[in-house]
Chemist: 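Here it is, the structure, as structure tokens.
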Amino acid sequence: MMDELELLKKDWQKQDVVHPKLSYNDIHGMLWKKSFSIVKWIFLISLIELIVPHFIYLFPSVWQGDGNVLYKNLGLANPLLVLSVIYYVVVLYFIFQFYQRYKEISVLDNARSLMAKIIRTRKTVKNYIFFSLTMFLMMFMAVVFYIYINDDFINTLELSGKDISEISKEKLENIKFLSMLIVAAAGVAMTLLIGFIYFLLYGLLLKRLNRNYQELKRLEV
Amino acid sequence: MSKELEHNFVTELESNQNIVHKVCTLYTNDRDAHNDLFQEITIQLWKAYPKFRGDAKFSTWMYRVALNTAITLYRKSKKRVKTLHDDTIFFKIKADEYDPTEEEQLTLMYKAVKQLNDIDKALVFLFLEDKNYSEISETLGISEVNARVKMNRIKNKLRTILNP
């Protein structure tokens, strides 16, 4: 075997470009092409994660429409404001941390350390996603809670102009319970779905990197 | 200034492109993927070039960036179908004199090397490029002892592939 590898080495040193040799202009043309490295992908996906949820506020219906009125009627407007402020402080912290980690990534590092840094950067993103999803779920649960403690919840819905007094108390309780159940179920389902998509995306993107990193790490144990 | 930098870089890469081609041939299976990886390595080299101080040889510096790109940063831009004839670009055997046994042996060896995993290929690549274990360990970020141990395991692996 040793001989064969040495034979290969001898042959290898004589290897010329098997590929058509690239000219000065060919190479020059590549300099300003877009990179599609994993790091670039992580960066782009993180940017989308940060921006997309905020598009929701661009829809007029959210800030002047029924949604806001409903929150107000439910007495949720203030707690939501406080929650939003906390949310943005934490988001800013994540952006800062992400930027720091991202800056540390250098192609001039050795392979193992480069991989470790990319994985660390991704962990920041992962934590951000956990945080966002928790907040997302909490919003739903807050609505459920307020429906629960607000007796006049049904009034806020303005049920198709019907006189509330016509509906029996038992029926009202049922509607209230059903609403809570629907909001809770929708919250859990949407959180799980978004979470699943995120982790599938990252899992696929970093499958090879993780495998290579494990391989290098296993050597050092 | 930047024009000069650009010119120096392209000139250096043009004369050292063989190294990058070898990495591409080792890590990809068809011409499109080869070109794709070559381009990504070029971009990474160019982005890192301002940090290249010239205290090392340009080619030495290239090994690290090229391998890092191939085993860590590179991600195929589109799903490629693995064909049975995945040796469209393969290493050209250059035996000094025509020797059918030696040529066959080399072909089998190259095929076996291409079956190794990403990290093993990196070690074999550096070994074939006549890098010593200290350089191999520095490039991959493992200890020298482990690089030796790993290299021995790879030799065993190749032996198994060649003599199943």
Chemist: Is there a side-chain contact between D120(B) and E215(A) (heavy atoms, below 4.5 Å)?
Modeler: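 Answer yes - side chains close enough.
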
Chemist: Quick one: does N212(A)'s side chain have a donor or acceptor within less than 3.5 Å of a partner on I71(B)'s backbone?
Modeler: yes

Chemist: Can you say whether M151(B) sits under 4.5 Å from chain A via the side chain, the backbone, both, or neither, judging by heavy atoms?
Modeler: side chain

Chemist: How long is the span from the CZ atom in R112(A) to the OG atom in S143(B), to the nearest 0.5 Å?
Modeler: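 So the CZ of R112(A) and the OG of S143(B) are separated by 9.5 Å.
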
Chemist: Could you walk me through whether R211(A) and D118(B) pass the side-chain contact (heavy atoms from CB on, under 4.5 Å) check?
Modeler: CA-CA 9 Å; R211(A) 198 182 53 214; D118(B) 289 347; 3.9 Å; yes

Chemist: Using non-hydrogen atoms only, which part of K40(A) is less than 4.5 Å away from chain B: side chain, backbone, both, or neither?
Modeler: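 Interface part for K40(A): neither.
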
Chemist: Check whether more than 12 heavy atoms from other residues, nucleotides or ligands sit under 6.0 Å from atom NZ of K9(A), and answer yes or no.
Modeler: yes

Chemist: Is a donor on one side and an acceptor on the other found under 3.5 Å between the side chain of R64(B) and the backbone of L108(A)?
Modeler: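 Judged by distance alone, yes, a pair lies under 3.5 Å.
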
Chemist: At a 4.5 Å cut-off on heavy atoms, which part of S113(A) comes close to chain B: side chain, backbone, both, or neither?
Modeler: neither

Chemist: Please determine whether the number of non-hydrogen atoms from other residues, nucleotides or ligands lying under 6.0 Å from atom OH of Y24(A) exceeds 12.
Modeler: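 Check passes, neighbour count above 12.
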
Chemist: Under 4.5 Å heavy-atom distance to chain A, tell me which part of T11(B) shows up: side chain, backbone, both or neither.
Modeler: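 When you check distances to chain A, atoms from both the backbone and side chain of T11(B) fall under 4.5 Å.
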
Chemist: State the CG-CG distance between L158(B) and L8(A), to the nearest 0.5 angstrom.
Modeler: 8.5 Å

Chemist: Check each atom of N117(B) against the heavy atoms of chain A and say whether the ones under 4.5 Å are side chain, backbone, both or neither.
Modeler: side chain

Chemist: Taking side chain as C-beta onward, heavy atoms only, is L106(B) less than 4.5 Å from D11(A)?
Modeler: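 With C-beta onward as the side chain, the pair touches.
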
Chemist: Between F9(B) and H28(A), is the ring centroid distance below 6.0 Å?
Modeler: no

Chemist: Is V113(B) in contact with chain A via its backbone, its side chain, both, or neither, using a 4.5 Å heavy-atom distance?
Modeler: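 Side chain only.
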
Chemist: Do E14(B) and S23(A) meet the criterion of a side-chain donor-acceptor pair at a distance under 3.5 Å?
Modeler: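 Not at all, the side chains of E14(B) and S23(A) share no donor-acceptor pair under 3.5 Å.
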
Chemist: Considering non-hydrogen atoms only, spot the tightest contact between Q39(B) and M30(A) and give its length.
Modeler: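 Looking at all heavy atoms of both residues, the shortest contact is CA-SD, 3.8 Å.
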
Chemist: So which part of I118(A) gets closer than 4.5 Å to some heavy atom of chain B, the side chain, the backbone, both or neither?
Modeler: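 For I118(A), the side chain is the part near chain B, not the backbone.
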
Chemist: Could you pull out the closest heavy-atom pair between M115(A) and I119(B), with the gap in Å?
Modeler: CE-CD1, 4.3 Å

Chemist: Nearest heavy-atom pair of F127(B) and E6(A): which atoms, and what distance?
Modeler: CZ-OE2, 3.9 Å

Chemist: Check the surroundings of atom CZ in F145(A): do more than 12 heavy atoms from other residues, nucleotides or ligands lie under 6.0 Å from it?
Modeler: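 Not buried by this count: 12 neighbours or fewer within 6.0 Å.
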
Chemist: Using every non-hydrogen atom in the two residues, find where L22(A) and F38(B) come nearest and quote the distance to one decimal.
Modeler: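 Shortest heavy-atom contact: CD1-CE2, 3.2 Å.
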
Chemist: Tell me whether Y99(A) at atom OH has more than 12 heavy atoms from other residues, nucleotides or ligands lying less than 6.0 Å away.
Modeler: no

Chemist: Measure the shortest side-chain to side-chain distance between L216(A) and I142(B) over non-hydrogen atoms and say whether it is less than 4.5 angstrom.
Modeler: yes

Chemist: Okay, side chain of R208(A), backbone of Y74(B): is any donor-acceptor separation there less than 3.5 Å?
Modeler: yes

Chemist: Does any heavy atom of chain A fall under 4.5 Å from the side chain of T72(B), the backbone, both, or neither of them?
Modeler: both

Chemist: Could you tell me which residues satisfy salt bridge (charged side-chain N to carboxylate O under 4.0 Å, His left out) with R120(A), sequence neighbours excluded, listed by chain and number?
Modeler: E104(A)

Chemist: Looking only at heavy atoms and a cut-off of under 4.5 Å, which of L73(B), V124(B), L128(B) has the most pairs with chain A?
Modeler: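 Heavy-atom pairs under 4.5 Å are most numerous for L128(B).
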
Chemist: Of all of G141(B), A122(B), A147(B), C24(B), which one pairs up most often with chain A through heavy atoms under 4.5 Å apart?
Modeler: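 The residue among G141(B), A122(B), A147(B), C24(B) with the greatest pair count is G141(B).
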
Chemist: What part of L13(B) gets within 4.5 angstrom of chain A, counting heavy atoms only: side chain, backbone, both, or neither?
Modeler: both

Chemist: Is there a side chain to side chain donor-acceptor pair (under 3.5 Å) between E40(B) and S35(A)? Walk through the geometry before answering.
Modeler: CA-CA 6 Å; E40(B) 188 63 48; S35(A) 158; 2.7 Å; yes

Chemist: Output yes when a side-chain donor or acceptor of N68(B) lies under 3.5 Å from a complementary backbone atom of D109(A), and no otherwise.
Modeler: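 Yes; judged by distance alone, with no hydrogens or angles, the pair exists.
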
Chemist: To the nearest 0.5 Å, what is the distance between CG (L31(A)) and OH (Y49(B))?
Modeler: 11.0 Å

Chemist: Most heavy-atom pairs under 4.5 angstrom with chain B, which of I105(A), L114(A), N25(A)?
Modeler: L114(A)

Chemist: Picking from E138(B), R153(B), E129(B), which has the most non-hydrogen pairs under 4.5 angstrom with chain A?
Modeler: E129(B)

Chemist: Relative to chain A, which segment of A70(B) carries a heavy atom at a distance below 4.5 Å: side chain, backbone, both, or neither?
Modeler: backbone

Chemist: Determine the option with the most heavy-atom pairs under 4.5 angstrom with chain B, choosing from W41(A), W32(A), Y213(A).
Modeler: W32(A)

